[in-house]
Structure formats: structure tokens, C-alpha cells
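Scroll down for the structure; my scribbles are underneath it.
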Amino acid sequence: MKKSSICTLLLGAAFGAVAGGALVKKLWLEKYRKQKIELSAVCHERELLYNLLKLKQNHVSFSEYFTAHGLQTVAVLGMGREGRYLLDELAKEKGAVPVYGVEADYLGSVHETLTVYRLGEDALPPADCLLVCDLNRTEEKAARAEREFPAEILALNDLISWLMEKHSIKPWRGQSTSPRSAK
């Protein structure tokens, strides 16, 4: 083989290795970013569950917030676990009245007793407030809802934070609750 052919071959191999390395790095970074988002969502969900349990343990009703803010009818955006839980609790409490559900992602969602409207497709009827119960992309969904819903829009986290502060319930901060000292 000629010296120039060997140099060309080596140069091609070097460029191929660099391009392959860049591709692997890009794929790894995409996977890492996706896992980071998923982990954040799981941590957020665990924190929410802890806070909901603390509220339940202290016999705090969600209607307290709505009563204190003069809100009588509530629409719920997000018909997943959290939205359905809140709808069930509001129905039991007999305070603020849940009037309908709204879904932004799963447009085939239905509810046993309430009409579920599709954000961006259906006109939303009047209600005093819209409570965003989606845990993922909450700000984005609230911004979308603002274009279609003229009244107050509230995130579930804000409702829970207000109730916890009012009742002096401390949120989970990763601290140990054991009276034993660390060794």
C-alpha cells in the first residue's frame, strides 16, 4: 500500500472515531436529560404524596382554601390520580363544588359524574377557579388555560402549600424524624 493510502485510511478512521464519539455523547446526553426529568417528576410526586398525607392526617379540608378566597365552584385541569382525588375529596367535603374536569393531554378522559372538556378544543364553561392538578409541565398547562379560562387559575402545589402554612404543617425536607442522634 502506498503511504498516502495509509494516511488517508488513518485520517478516515480518526474522523470516524471522532464522529462516532460525538454521536455516542449526544445519545448519552439525551438519555441523561430524559432520566433527570423523570427523576425530578418522581421526587415531586413523592413530595406531593407526603404533603397530602400530612393534610389528611391533620384533618385539613381542601375547601378551606376556596372558602377563604370566596370561591364556590371549581374546575379541575388534569384528570389523572391527583385531579380525581381532589374531585372526590371536594365532593365529600360539601364546600366548594367541583363543576367539571379539563384535560390537556389525554383527550379521551372521562369522569363518572362530571363532564370533561378538552383544553384547546372545547369552550370552558364559567367557574370561580381552575385548579391545575397535572404534575408535569404545570406552568405550561396553566399558561395554555389562561388563554381560555377568564377566572383564577391555581396550581395544586399552591393550594397544598397554603393549607400547610395555615395549619403550621412542616413540609418534608429530607430530614430524619428519628429522635436518635446520628452516629
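Note: the hydrophobic cluster containing Val132 also contains Tyr117 (ILVMFWY, side chain heavy atoms under 4.5 Å, direct or indirect links). Transitive grouping of hydrophobic side chains (ILVMFWY, heavy atoms separated by less than 4.5 Å) brings Val97 and Ile153 into a common cluster. Residues Leu52 and Leu90 fall within the same hydrophobic cluster, defined by Ile, Leu, Val, Met, Phe, Trp and Tyr side chains chained together at heavy-atom separations under 4.5 Å. Under the 4.5 Å side-chain heavy-atom criterion for Ile, Leu, Val, Met, Phe, Trp and Tyr, Tyr100 and Leu131 are members of distinct hydrophobic clusters. At a threshold of 4.5 Å between side-chain heavy atoms, the hydrophobic network of Ile, Leu, Val, Met, Phe, Trp and Tyr places Leu130 and Phe66 in two separate groups.
The stretch residues 123-162 participates, sequence neighbours left out, in these ring pair (Phe, Tyr, Trp, His ring centres under 6.0 Å) pairs: Tyr65-Trp162, His69-Trp162. For the side chain to side chain donor-acceptor pair (under 3.5 Å) condition, the pairs that include at least one residue of residues 75-85, sequence neighbours left out, are Glu45-Arg81.
Considering all non-hydrogen atoms of both residues, Gly101 and Met79 come closest at CA-SD, 3.7 Å. For the residue pair Ala151 and Ala127, the shortest heavy atom distance occurs at CB-O, 3.5 Å. Smallest separation of non-hydrogen atoms from Cys133 and Leu156: CA-CB, 4.2 Å. A pairwise comparison of heavy atoms in Gly95 and Ser63 identifies CA-OG, 3.5 Å as the closest pair.
Counting heavy atoms from C-beta outward, Leu163 and Ile160 have side chains that stay 4.5 Å or more apart. Under the 4.5 Å side-chain criterion, counting only non-hydrogen atoms from C-beta, Pro171 is in contact with Met164. Side-chain atoms of Leu114 and Pro98, non-hydrogen and from C-beta on, do get closer than 4.5 Å to each other.
The side chain to side chain contact (heavy atoms under 4.5 Å, CB included) test applied to Ala104 returns Leu77, Leu119, Lys141, Arg144, not counting sequence neighbours. Every residue two or more places apart in sequence or in another chain that forms a side chain to side chain contact (heavy atoms under 4.5 Å, CB included) with Asp128 is listed here: Leu71, Gln72, Thr73. Every residue two or more places apart in sequence or in another chain was checked for a side chain to side chain donor-acceptor pair (under 3.5 Å) with Glu148, and none qualifies.
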Please tabulate, one pair per line, all N/O donor-acceptor pairs under 3.5 Å involving side-chain atoms of residues 55-62, not counting sequence neighbours.
from: Lys56; atom 1: NZ; to: Glu89; atom 2: OE2; distance (Å): 3.4
from: Gln57; atom 1: OE1; to: Lys54; atom 2: NZ; distance (Å): 3.2
from: Asn58; atom 1: ND2; to: Lys54; atom 2: O; distance (Å): 2.7

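With values rounded to the nearest 0.5 angstrom, Asn51 atom CG is found 11.0 Å from Leu159 atom CG. Rounded to the nearest 0.5 angstrom, Arg147 CZ and Leu124 CG are separated by 12.0 Å. In this structure, CD1 on Ile169 lies 11.5 Å from OG on Ser161, to the nearest 0.5 angstrom.
Shown here is Glu165, whose CD atom has no more than 12 heavy atoms of other residues, nucleotides or ligands within 6.0 Å.
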